Number of protein chains: 2
Amino acid sequence: MQTKRPPLSRERVIAAAMALADEKGAAGVTMRALATRLGVEAMSLYNHVAGREDLLDGMVDAVFGEIELPVSTADWKIAMRDRAASSRAALRRHPWAVGLMDSRSQPGPAILRHHDAVLGALRTGGFSVAMAAHAFSVIDSYLYGFVMQELSLPFTSAAELDEIAGDILSDLPADAYPHLTELITKHALKPGYEYADEFEFGLSLILDALHPDEVSSPVTSRPGSRGR
Amino acid sequence: MQTKRPPLSRERVIAAAMALADEKGAAGVTMRALATRLGVEAMSLYNHVAGREDLLDGMVDAVFGEIELPVSTADWKIAMRDRAASSRAALRRHPWAVGLMDSRSQPGPAILRHHDAVLGALRTGGFSVAMAAHAFSVIDSYLYGFVMQELSLPFTSAAELDEIAGDILSDLPADAYPHLTELITKHALKPGYEYADEFEFGLSLILDALHPDEVSSPVTSRPGSRGR
DNA sequence: AGGCTAGACTTACGGTGTAAGTCCGTCAAG
DNA sequence: CTTGACGGACTTACACCGTAAGTCTAGCCT
């Protein structure tokens, strides 16, 4: 008479795997460790998941499922900004996701739904198909690239930065990388600096450089924003 | 009297690992397979490399070593464009590198040298320290993000795209992702379309939106390009 | 009541990174 | 020339990995 356990399912397996990855990192997600966490033996997982690769696919898709979809009614720029913030938050909540995104070629349903919604928001914002493709590519590339860099930094808080920067600077010869040391001493170590703030700069730069190229925008089109 | 083999060294080990990764992917780089390729036993590698993680660190750094450094004399925009092209080429030559970049927090000497050179090019192009940091962040984020997406696409050539797109479209219900199907049918399947071309659009968009914010640019400063 | 089946289980296999210890060729000092 | 040290390649061994294959049992449908 074991202590009643809820039935296994693909969703429960993936959810547990995500929690495990959040704690131990992607490498910590082994079939045995995951099974133990679920009070089960390793091979039982294979009744709900085709294998480790399929499991990782599911995890990535689930992360995309956490991103709130842009609504097509709002101003496209606000929609893109909200989506970027939501995406970045999700990817930071699950730092292993970025590393898993490459190497996984088959997009899951949440990813497709997400991409579709983004394209929709751009289209109703007045972007042609071609221009929407362009915009989508720049914004997403920037988003993923930024988070990737952000997550691979060896520090999280400004306090940690202080400490680590000191170590780095004392380690390497002071004049070997002059511009790098200049950046660290004269900029990054200034009180109030957070690399995270760079996100806003780049995002605004990109969004402000993008312009709808169709006149048919139905409701909330502000004149004077088109390039032609 | 064995068939003379050149002495092992960290460089030779890393070079062989890169060749192996190019052929079999990052997962194919096992200590035993690498040793076999070098005509040696697995444990011998540990005399030149601290462990697998150290090996991967070295590989990533070596990829950065392949990127040609921007020269500080040229026009900053051209320098950034050349560097972006060179970086993208290197990352496409070694597709495993992007996936290894996150999870590796200690930058190697080639990475530091590269970052320093980029900052230098921006500084002599008339960027303040703060603005150079901004520019560096946007450009690099876009660069890595784009390559990452590019490499995770399930196709390489336009011909493959045709084939795969057909499969995808027939797989999923036609009206489930309307904007996605619109994008594929009305844009991506048009003859001459290559996702790689999107790179140029985004890069130009970003570079054209960046402006030096210091007047002291010594030689090749074209007036009328500043934003203030 | 009987049988089917979904799903958890046990066992086993080849492969992984690497700790620990062995062994030998080279080379410098006496 | 002898000897000693030592760097570096080697063998062995271990714990852990993903998963193929087969077994067992509880619950449901007929």
Side-chain angles (χ1 to χ4, degrees), chain A residues 1-62 96 99-100 102-106, chain B residues 1-62 96 99-100 102-106:
Chain A
M1 201 113 329
Q2 70 251 6
T3 59
K4 65 146 171 54
R5 54 185 189 203
L8 234 41
S9 70
R10 177 167 234 264
E11 286 67 33
R12 252 171 57 75
V13 169
I14 288 177
M18 290 175 71
L20 189 58
D22 289 345
E23 293 172 15
K24 309 277 182 69
V29 180
T30 74
M31 301 305 269
R32 283 174 239 258
L34 177 55
T36 300
R37 168 179 275 257
L38 285 163
V40 130
E41 295 302 316
M43 289 309 291
S44 303
L45 303 174
Y46 286 81
N47 288 316
H48 305 277
V49 146
R52 187 163 197 266
E53 286 300 293
D54 182 40
L55 174 66
L56 298 179
D57 279 350
M59 292 167 67
V60 171
D61 204 54
W96 40 266
L100 257 43
D102 73 331
S103 79
R104 224 129 305 277
S105 51
Q106 293 268 48
Chain B
M1 196 124 320
Q2 72 248 9
T3 58
K4 64 144 171 59
R5 54 185 188 201
L8 233 42
S9 71
R10 178 167 232 265
E11 286 67 33
R12 252 171 57 76
V13 169
I14 288 178
M18 290 175 69
L20 189 57
D22 289 345
E23 293 172 15
K24 309 276 182 68
V29 180
T30 75
M31 300 307 268
R32 284 176 240 260
L34 176 56
T36 300
R37 167 180 277 257
L38 285 163
V40 131
E41 294 303 315
M43 289 309 289
S44 302
L45 302 174
Y46 286 81
N47 288 318
H48 305 276
V49 147
R52 185 164 198 267
E53 286 301 292
D54 181 40
L55 174 66
L56 298 179
D57 280 351
M59 291 166 67
V60 170
D61 203 55
W96 41 265
L100 256 44
D102 73 333
S103 79
R104 223 128 305 278
S105 51
Q106 295 268 47

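Nothing here was measured: the structure is a model prediction, and the numbers come from that model. All chains are named by letter (A, B, ...) in the order of the sequence lines, taking the proteins before the strands, and each is independently numbered beginning at 1.
- When side chains are defined from C-beta on, A:Leu38 counts as touching A:Leu45, because their heavy atoms get closer than 4.5 Å.
- Rounded to an integer number of Å, the gap from B:Leu45 CG to C:dA19 P is 14 Å.
- Contact annotation: the side chain of A:Leu8 approaches that of A:Val40 to within less than 4.5 Å [non-hydrogen atoms, C-beta and beyond].
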Identify each donor-acceptor pair in which a side-chain atom of residues 17-31 of chain B lies under 3.5 Å from a protein atom, sequence neighbours left out, and give them as a table.
| from | atom 1 | to | atom 2 | distance (Å) |
| --- | --- | --- | --- | --- |
| B:Asp22 | OD1 | B:His94 | ND1 | 2.9 |
| B:Asp22 | OD1 | B:Trp96 | NE1 | 2.6 |
| B:Asp22 | OD2 | B:His94 | ND1 | 3.1 |
| B:Glu23 | OE1 | B:Arg37 | NH2 | 2.8 |
| B:Glu23 | OE2 | B:Arg37 | NH2 | 2.8 |
| B:Thr30 | OG1 | B:Ala33 | N | 3.0 |

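- Atom CZ of B:Arg10 and atom P of D:dG7 are 19 Å apart (whole Å).
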Atom pairs under 3.5 Å, N or O on each side, protein against nucleotides 12-19 of chain D: can you list them with distances?
| from | atom 1 | to | atom 2 | distance (Å) |
| --- | --- | --- | --- | --- |
| D:dC17 | OP1 | A:Thr30 | OG1 | 3.4 |
| D:dG18 | OP1 | A:Met31 | N | 3.4 |
| D:dG18 | OP1 | A:Arg52 | NE | 3.0 |
| D:dG18 | OP2 | A:Met31 | N | 2.8 |
| D:dG18 | N7 | A:Arg32 | NH2 | 2.5 |
| D:dG18 | O6 | A:Arg32 | NH2 | 2.8 |
| D:dT19 | OP2 | A:Tyr46 | OH | 2.8 |
| D:dT19 | OP2 | A:Arg52 | N | 2.8 |
| D:dT19 | O5' | A:Tyr46 | OH | 3.3 |

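- Summarising the geometry, the separation between CD on A:Glu41 and C1' on D:dA21 is reported as 17 Å, rounded to the nearest angstrom.
- Listed by residue number, the members of residues 14-26 of chain B with any heavy atom below 4.0 angstrom from DNA chain C form an empty set.
- For B:Asp61, the side-chain contact (heavy atoms from CB on, under 4.5 Å) partners two or more places apart in sequence, or in a different chain, are B:Pro109, B:Ala110, B:Ile111.
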Mind listing the N/O atom pairs, protein and nucleotides 4-7 of chain C, below 3.5 Å?
none

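- Here the closest non-hydrogen pair linking B:Ala62 and B:Ile14 is CB-CG2, 4.2 Å.
- The side-chain contact (heavy atoms from CB on, under 4.5 Å) search around B:Thr36 returns none, not counting sequence neighbours.
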Per-nucleotide pairing state of DNA chain C [Watson-Crick or G-U, under 3.5 Å; [ ] pseudoknot-crossing; | other strand]:
||||||||||||||||||||||||||||||
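- Counting only residues at least two apart or on different chains, the salt bridge (Lys or Arg N to Asp or Glu O under 4.0 Å) pairs with a member in residues 44-55 of chain B are B:Arg10-B:Asp54, B:Glu53-B:Arg104.
- Sorted by first then second residue, the salt bridge (Lys or Arg N to Asp or Glu O under 4.0 Å) pairs that include residues 25-35 of chain A, not counting sequence neighbours, number zero.
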